[in-house]
Amino acid sequence: QVQLVESGGGLVQPGGSLRLSCEVSGFNSEHYAIGWIRQAPGKEREGVSCITSRDGSTYYADSVKGRFTISRDSAKNTVYLQMNSLKPEDTAVYYCAGRRRITPQAMCIMAMDADYWGQGTQVTVSS
């Protein structure tokens with residue numbers, strides 16, 4: 001049974017940083033992708049950044065390129081999202097999502113089709 005557990009959200013001032021964590025279990029040795037998907041009030045879910053288990057290849061949405069970094073620690077079965085230079089428009093609930101046998105770009109672009117979802121963590125960027 002696949003489980004995704006997020007942590008690390010909170011309130012931060014514009015220009016600040018946060019790191020989100022997603023503990024992944026249940027995929028075993030399969031090829032899969034993990035993505036960070038966010039949803040702001042009144043907006044559709046957006047695939048922010050995604051990474052594959054096979055080779056660690058990554059994808060970033062244009063809105064976060066140069067500010068966010070996704071990474072993985074295979075020993076800890078954890079995927080991280082380091083968020084720097086945060087802006088008020090980054091405010092959203094951030095979900096960790098997973099899907100088998102998919103590229104990181106497809107995972108992020110088709111974020112709504114993810115097979116597995118965490119509970120979400122709130123990120124608020126405000127002064």
Neighbour count above 12 (heavy atom, 6.0 Å) for Gln119 CD: yes
Verdict with supporting geometry, Val2 and Arg100, side chain to side chain contact (heavy atoms under 4.5 Å, CB included): CA-CA 11 Å; Val2 174; Arg100 292 182 170 88; 3.8 Å; yes
Residue pair Gln39 / Arg45, side-chain donor-acceptor N/O under 3.5 Å: yes
Gap separating the CG atom of Leu86 from the CD atom of Glu89, nearest 0.5 angstrom: 10.0 Å
Gln3 side-chain N/O to Gly26 backbone N/O, donor-acceptor pair under 3.5 Å: no
Check: Arg38 side chain, Val48 main-chain N or O, donor-acceptor pair, under 3.5 Å: no
Common cluster, Val79/Val64, ILVMFWY with side-chain heavy-atom separation under 4.5 Å: yes
Test item: Gln122 and Thr91 side chains (from C-beta on) under 4.5 Å apart, heavy atoms: yes
Sub-4.5 Å side-chain heavy-atom contact between Tyr116 and Gln1: no
Inter-residue atom distance Glu23.CD - Ser7.OG, 0.5 Å rounding: 8.0 Å
Atom pair CH2 (Trp117) and CZ (Arg99), whose distance is rounded to the nearest 0.5 Å: 10.5 Å
Nearest atoms (heavy-atom pairs only) where Cys108 meets Ser49: SG-C, 3.3 Å
Any donor-acceptor pair under 3.5 Å from Ser21 side chain to Tyr80 backbone: no
Gly118 to Tyr95 - nearest heavy-atom pair and separation: O-CD2, 3.7 Å
Nearest atoms (heavy-atom pairs only) where Ser126 meets Pro14: C-CD, 3.6 Å
4.5 Å side-chain heavy-atom contact, Met83 and Val123: yes
Leu18 side, atom CG; Asp90 side, atom CG - distance, nearest 0.5 Å: 10.0 Å
Heavy-atom pair of closest approach, residues Ala114 and Ala97: CB-CB, 3.7 Å
Main-chain N/O of Arg67 paired with Tyr60 side-chain donor or acceptor, under 3.5 Å: no
Closest approach of Trp36 to Leu20 (non-hydrogen atoms, all atoms of both residues): CH2-CB, 3.6 Å
Aromatic plane relationship, Phe27 with Tyr32 - under 30° parallel, 30 to 60° tilted, over 60° perpendicular: parallel
Closest heavy-atom pair and its distance - Ile34, Cys96: CG2-SG, 3.6 Å
Any donor-acceptor N/O pair, Arg54 side chain to His31 backbone, under 3.5 Å: no
Residue from Thr103, Ile51, Thr52 passing side chain to side chain contact (heavy atoms under 4.5 Å, CB included) with Ser57: Thr52
Sidechain-backbone polar pair: Glu6 side chain, Cys22 backbone, donor-acceptor under 3.5 Å: no
Test item: Asn84 and Ser17 side chains (from C-beta on) under 4.5 Å apart, heavy atoms: yes
Asp62 and Lys65 ion-paired at < 4.0 Å: yes
